[in-house]
Amino acid sequence: MTHSQAHDLSLYAVETISLSKRYGKTDALRELNFTVDEGEIMVILGPNGSGKTTLLMTLCTILKPSSGTAKVMGIDVVKDGTKVREVMGIAFQEARGFWRHKPSSILKFHASMFDIDPVKRQDLIEQTMKDLELWESRDKLFMHLSGGQAKRLETAKILVQRPKLAIFDEPTSQVDLRGKRKIWDKILELRKQGSTIIVATNEVREAEYLADRVTILYGGRLIVRDSIPKLKDAIAGGDVVEVGFEDPVPGKLLEGLKTLGGTFTVSPGGDQLRANVSKAEDWVPRMTSASYNMGAKISTIKITEPSLDDVFLHFTGKGLVDNQ
Amino acid sequence: MSEFSRLVHIARTDFSYFFRTKWLMAILISLNVSDMLVTGLVYKGLVGFDYFRFLVPGIVVMGLFSAATDTGRRIWLALREGVVQYYMTLPVRTSGLVAAYIISGGLGGIVYSGLLLIIAFVAIPPQGILNAILLLPFLFILATGIAGLAAFFASISRVGEIYWVYAQALQVSLVTISTIFYPASTISQYLPAPIVTIAEYNPLSLAAGALRDSAFGGSALSTGVVSNLLMVSLPLAGIGALAYWIILRTIRVRGKP
Ligand SMILES: Nc1ncnc2c1ncn2[C@@H]1O[C@H](COP(=O)(O)OP(=O)(O)OP(=O)(O)O)[C@@H](O)[C@H]1O
Ligand SMILES: [Mg+2]
């Protein structure tokens, strides 16, 4: 990638510049500086009220920033809203459709608004409806669809549109487990076809399945942004390696390992060694070779990575999932 | 698709709601038609002139009015259902969305009153079909004006019932102070002169009068009447466009209407 300041073309698919949004007394976004690279799937993870929807609504020009601005494919959302809307599509958190239309005519309307080739349009719509299991509901009016069906239709709109920037706001809330998988796979497929994708969610599993990178949003602020493995590695002592021995752990082994760093504890029975380390993959060989050198026989090895929820807890001091 | 054809497509989709609530329009049509027949025939014996001929054009204009105020109901629903936010993500300028709504209101008015007009022509053979056709564009503009007023009321109605109250109040006042159901001479017997003038320049009166004289009566279409119709309709359409534009701007700032 080459950096050039001379012209206004940003290198990012999305870039926000000190973006703030305030509703009355609520600061929903605070001086957000955030970028998304072209062709990646960026997952925005945050609890209720963290500002995810506000951010996405600002990117798709429905909301006007209180201060700062954002660029989509280099186009300013405040100055050039209509052009921004040509290159992007959003599947809303709450499905919005014409109440008295059937799913296919809602999709047809959407396709025609975004100049989808009229020859291919019909097949594309039919296929997408089948992929998302909407085909059985094709004769129902939008207002008679269930919550999950309406959400699937919301996703279908964007799949038919294939915009350069596709935004999904909690695409699988209200959708059953099978449906979630289908939607996730279609989102991955869309990325393969060349779209840049932003997904907002508060579901760890969704983030794990989709993300190239994750942005943690909390209280309208960007807390951290990185790939999931890197985020997990960033938690010092986040990985746990548990080694079981056939005999009690030799004291010398413990002392030897302690000189290498890391925190170790021995189980009450004395035959289990538990290590809290940053990178399990570095520590497993160290621990096994040290044990081998001391003639201690290993019976089991168990590695536990931190979950994304642990990552969240680490960076915000608050859990996403309440499992206490 | 050009931005203009997108705009037309949006107007058409919105307008299609007019037909998707068929039962509503069916009831309105039958009410209007039975008004024509019952009132016209009953009063025929009581008043000194052919009241039926006087009343029918008025009913046609009433139909135009009801259909155009339906725009307000559609805007109100679109706000509640959140479809407005969907429209706001389409590659159309805000002014385009505003135009789409006003056009769709005009279409509703003209299609519905056109239907009534055809029914009326069966009952009263028209003397000036060509005049009726010439009047259609002006009736269309009148309908956009009424749609504009309806949009304005929708914009200031927090709940649907309130919109209904506004629409009814508008209807009663526009119909009472007009020459739709009785001639200006009758009004002047009971009410002061300024009110008679208001009644005569009421856009609904102008439209009913033009239909009465030119379409049913066969006298030449007067440019005065037609330009008056334009002069009262266009500002109303403007008010509506402004009101709708303000709604969209409010959503952009506050996140809700
Ligand atoms: N239209 C509005 N008017 C006033 N406050 C609002 C409005 N929309 C959102 N907020 C507030 O702004 C903050 C951010 O809301 P937002 O909807 O962006 O959160 P979110 O991360 O999408 O939450 P969720 O996971 O529940 O969808 C919240 O405190 C919310 O109460
Ligand atoms: Mg949200």
Side-chain angles (χ1 to χ4, degrees), chain A residues 21-24 26 28-29 51 53-54 56-66 77-78 80-102 105-106 108-118 141-143 150 154 157-158 161 163 167 169, chain B residues 1-25 70 73-101 104 160 245-257:
Chain A
K21 179 69 190 179
R22 161 179 268 264
Y23 303 103
T26 313
L29 294 177
T53 299
T54 304
L56 303 184
M57 293 284 218
T58 313
L59 294 180
C60 72
T61 77
I62 291 182
L63 283 176
K64 191 169 173 270
S66 305
V77 295
V78 179
D80 235 342
T82 314
K83 282 220 181 84
V84 168
R85 293 193 287 275
E86 278 171 16
V87 297
M88 60 161 303
I90 178 169
F92 290 108
Q93 181 172 355
E94 279 162 38
R96 298 164 193 275
F98 308 130
W99 273 20
R100 291 172 191 278
H101 281 60
K102 288 177 186 168
S105 57
I106 289 177
K108 220 177 283 168
F109 176 87
H110 195 75
S112 68
M113 281 291 137
F114 289 95
D115 296 322
I116 303 305
D117 184 353
L141 297 182
F142 177 78
M143 60 185 190
E154 198 62 34
K157 270 196 243 179
I158 307 307
Q161 181 190 347
I167 293 180
D169 195 350
Chain B
M1 205 183 238
S2 71
E3 200 180 330
F4 180 73
S5 42
R6 287 198 187 103
L7 178 165
V8 171
H9 199 44
I10 292 173
R12 239 179 38 204
T13 305
D14 180 65
F15 175 53
S16 76
Y17 266 62
F18 184 75
F19 293 106
R20 280 165 207 265
T21 46
K22 288 183 203 82
W23 55 271
L24 188 64
M25 282 303 136
D70 192 53
R73 189 182 61 88
R74 291 202 302 274
I75 289 182
W76 194 85
L77 273 177
L79 289 171
R80 201 184 61 163
E81 295 160 10
V83 171
V84 171
Q85 274 101 335
Y86 169 62
Y87 280 146
M88 288 166 85
T89 67
L90 300 176
V92 177
R93 258 169 295 188
T94 308
S95 52
L97 285 183
V98 172
Y101 258 103
S104 126
W245 187 81
I246 289 173
I247 299 178
L248 296 179
R249 208 198 48 177
T250 307
I251 293 177
R252 285 222 160 89
V253 174
R254 290 213 310 230
K256 55 192 171 205

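Convention: sequence-line order gives letters A, B, ...; per-chain numbering from 1. Only a predicted model underlies this, so the values are computations on that prediction, with no experimental measurement involved. Reckoned from all heavy atoms, side chains included, excluding hydrogens, waters and symmetry mates.
At a threshold of 4.5 Å between non-hydrogen side-chain atoms, the residues B/S16 and A/R100 do not count as touching. Inter-residue side-chain proximity for A/D115 and B/R6 is flagged as met; some heavy-atom pair is nearer than 4.5 Å.
The two residues B/P91 and A/E86 come nearest to each other via the heavy atoms CB-CG, 3.4 Å. Here the shortest heavy-atom pairing between A/L63 and B/I251 reads CD2-O, 3.7 Å. Listed here is the closest heavy atom pair of B/T89 and A/C60: CG2-SG, 4.1 Å. When all heavy atoms of A/R85 and B/L90 are compared, the pair lying nearest together is NE-O, 2.8 Å. Nearest heavy-atom pair across B/Q85 and A/F92 is O-CZ, 3.8 Å. Across all non-hydrogen atoms, the minimal contact from B/R252 to A/K21 is O-NZ, 3.5 Å.
For A/T53, no part lies near chain B; criterion is any non-hydrogen pair under 4.5 Å. Proximity to chain B involves both the backbone and the side chain of A/I62, based on heavy atoms less than 4.5 angstrom apart. For B/R12, no part lies near chain A; criterion is any non-hydrogen pair under 4.5 Å. Within the 4.5 angstrom heavy-atom criterion, atoms from both the backbone and the side chain of B/I10 approach chain A. Of the atoms belonging to A/K83, not a single heavy atom falls under 4.5 Å from chain B.
The candidate from A/T54, A/T61, A/T58 with the greatest count of non-hydrogen atom pairs under 4.5 Å with chain B is A/T61. Contact count against chain B (heavy-atom pairs under 4.5 Å) is highest for A/H110 among A/H110, A/M143, A/M88.
Within 6.0 Å of atom CD in A/E94, 12 or fewer heavy atoms from other residues, nucleotides or ligands are found, so the atom counts as exposed in its surroundings. Atom CZ of B/F4 has 12 or fewer heavy atoms from other residues, nucleotides or ligands within 6.0 Å.
From A/K64, atom NZ reaches atom CZ of B/R249 across 8.5 Å, with rounding to the nearest 0.5 Å. The CE atom of A/M113 lies 8.0 Å from the OH atom of B/Y87; values are rounded to the nearest 0.5 Å.
Relative ring orientation between A/F98 and B/Y86 is described as perpendicular, the plane-to-plane angle rising above 60° on a 0-90° scale split at 30° and 60°.
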